[in-house]
Number of protein chains: 2
Amino acid sequence: MDVSTEVLMDIFKNRGIRSSYTRMRIMGYMAANRNHPTADEIYSRLIEEIPTLSKTTVYNSLNAFVEAGLARVVTIEDNEARYDVDVSDHGHFKCQSCGRIFDFPVDMDCIEPKALEKFRINKRDVYFKGICPGCLDNK
Amino acid sequence: MDVSTEVLMDIFKNRGIRSSYTRMRIMGYMAANRNHPTADEIYSRLIEEIPTLSKTTVYNSLNAFVEAGLARVVTIEDNEARYDVDVSDHGHFKCQSCGRIFDFPVDMDCIEPKALEKFRINKRDVYFKGICPGCLDNK
DNA sequence: TATCTTATTGAAATAATTACAACTTTATTA
DNA sequence: TAATAAAGTTGTAATTATTTCAATAAGATA
Ligand SMILES: [Mn+2]
Ligand SMILES: [Mn+2]
Ligand SMILES: [Zn+2]
Ligand SMILES: [Zn+2]
């Protein structure tokens with residue numbers, strides 16, 4: 001059991017969810033590839049190494065992560081949920097040309113404290129779309 | 001043909017899409033009920049008065065409106081698209097208790113001009129979730 | 001180890017949205 | 001106004017993402 005496995009087990013335990021081989025692989029994939037993958041992308045990649053993996057398990061695990069506060073859902077596209085291990089406040093930019101999703105910092109406090117004074121805010125999402133610098137250069 | 005019908009026909013013509021009875025009813029519903037309805041909500045409401053209405057037509061019309069810049073999609077929930085005739089920049093707050101969606105003003109420029117300097121931004125969405133004042137009062 | 005709880009699996013169900021072909025309506029032109 | 005072309009409407013079927021469910025397997029507890 002290597003050190004990163006041990007670290008993940010601790011994280012799971014601290015958040016009150018069981019650690020299992022599959023969950024550690026899924027979380028490991030997300031931590032290594034911070035590309036805001038879909039459940040299907042995670043499944044397609046991991047099925048190569050875990051032939052018994054079920055897509056239901058991927059969904060179950062991701063839902064467990066989100067509930068435990070270990071991941072967030074990125075719904076920048078209306079036909080697919082993406083997942084992000086970075087649960088800190090930040091915005092997402094999706095390039096309409098290459099499809100890549102970029103993180104960017106957001107000053108949430110500056111957005112509009114006044115109109116929402118009487119609201120309790122639990123989640124904040126900022127989604128921008130357009131063309132990324134790389135795609136702009138390729139005309 | 002009353003005056004609002006005439007106005008709608010002009011709007012459609014200006015945006016390069018044909019006017020039809022169904023489209024005017026759908027757009028009329030959205031203009032009157034600015035509740036960010038789903039396609040299904042629009043369909044359920046209008047089928048009472050237009051018995052031949054097809055849900056496909058609702059989707060087709062809404063997609064035409066969005067392409068023509070007459071409406072925007074609000075994907076604050078990952079399992080359903082909502083539609084908004086207010087295409088100006090503003091944020092959306094969804095109450096996790098009563099489900100209502102509230103508009104609020106957003107200073108888009110303050111969010112983060114620096115990190116996205118080299119990006120071309122076409123769409124901006126700000127989605128907050130939490131509890132609305134009414135639901136907070138009802139403890 | 002025995003036991004209880006939770007995770008995994010695969011199949012089937014659900015639900016939102018789109019594709020398609022036949023038909024109807026709207027816009028254009030004569 | 002009548003003929004024609006282009007686009008909108010409809011119902012059904014297909015697609016796709018996600019959930020439900022019951023059986024089985026694995027993890028945690030004592
Ligand atoms: Mn992110
Ligand atoms: Mn709105
Ligand atoms: Zn790009
Ligand atoms: Zn509420």
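Values below: every heavy atom of this structure, side chains too, minus hydrogens, waters and symmetry copies. Naming: A, B, ... by sequence-line order, numbering from 1 per chain.
- On the nucleic acid side, DNA chain C has its first and last nucleotide under 4.0 Å of a heavy atom of chain A at C:dT5 to C:dA11, going 5' to 3'.
- Both A:Tyr21 and A:Tyr83 lie near DNA chain D, and the one whose nearest nucleotide falls closer to the 5' end is A:Tyr83.
- Other residues, nucleotides and ligands contribute only 12 or fewer heavy atoms inside 6.0 Å of the CD atom of A:Glu67.
- A distance below 6.0 Å separates the ring centres of A:Phe104 and A:Phe128.
- The stretch residues 51-65 of chain A touches DNA chain C through A:Thr52, A:Leu53, A:Ser54, A:Thr56, A:Thr57, A:Asn60, A:Ser61, each having a heavy atom within less than 4.0 Å of the strand.
- Side chains of B:Thr38 and B:Asp40: a donor-acceptor N/O pair is absent below 3.5 angstrom, by distance only.
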**OP:** List the steps and the verdict of side-chain contact (heavy atoms from CB on, under 4.5 Å) for A:Arg72 and A:Tyr83.
**Re:** CA-CA 6 Å; A:Arg72 57 146 62 180; A:Tyr83 295 86; over 6 Å; no
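- We find the CG-CG distance between B:Leu62 and B:Leu70 to be 11.0 Å, quoted to the nearest 0.5 Å.
- Applying the salt bridge (charged side-chain N to carboxylate O under 4.0 Å, His left out) test to residues at least two apart or on different chains, the pairs with a partner in residues 13-38 of chain A are A:Arg25-A:Glu49.
- Using modelled atom types and a 3.5 Å distance limit, the side chains of B:His92 and B:Asp125 yield no donor-acceptor pair.
- Looking at residues 31-50 of chain A, you'll see that no heavy atom sits under 4.0 Å from any atom of DNA chain C.
- Heavy-atom contacts from other residues, nucleotides or ligands closer than 6.0 Å to CZ of A:Arg124 number more than 12.
- Residues A:Asp107 and A:Ile111 fail the side-chain proximity criterion, which asks for heavy atoms closer than 4.5 Å.
- A:Phe102 and B:Val126 fall within the same hydrophobic cluster, defined by Ile, Leu, Val, Met, Phe, Trp and Tyr side-chain heavy atoms under 4.5 Å apart, directly or through other members.
- You can see that DNA chain D meets the heavy atoms of chain A within a 4.0 Å-exclusive cut from D:dA17 to D:dA28, reading 5' to 3'.
- Shown here are the salt bridge (Lys or Arg N to Asp or Glu O under 4.0 Å) partners of B:Glu77, two or more places apart in sequence or in another chain: B:Lys94, B:Lys129.
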**OP:** Show the numbers, then the answer: is there a side-chain contact (heavy atoms from CB on, under 4.5 Å) between A:Leu53 and A:Val58?
**Re:** CA-CA 8 Å; A:Leu53 182 65; A:Val58 176; 3.9 Å; yes
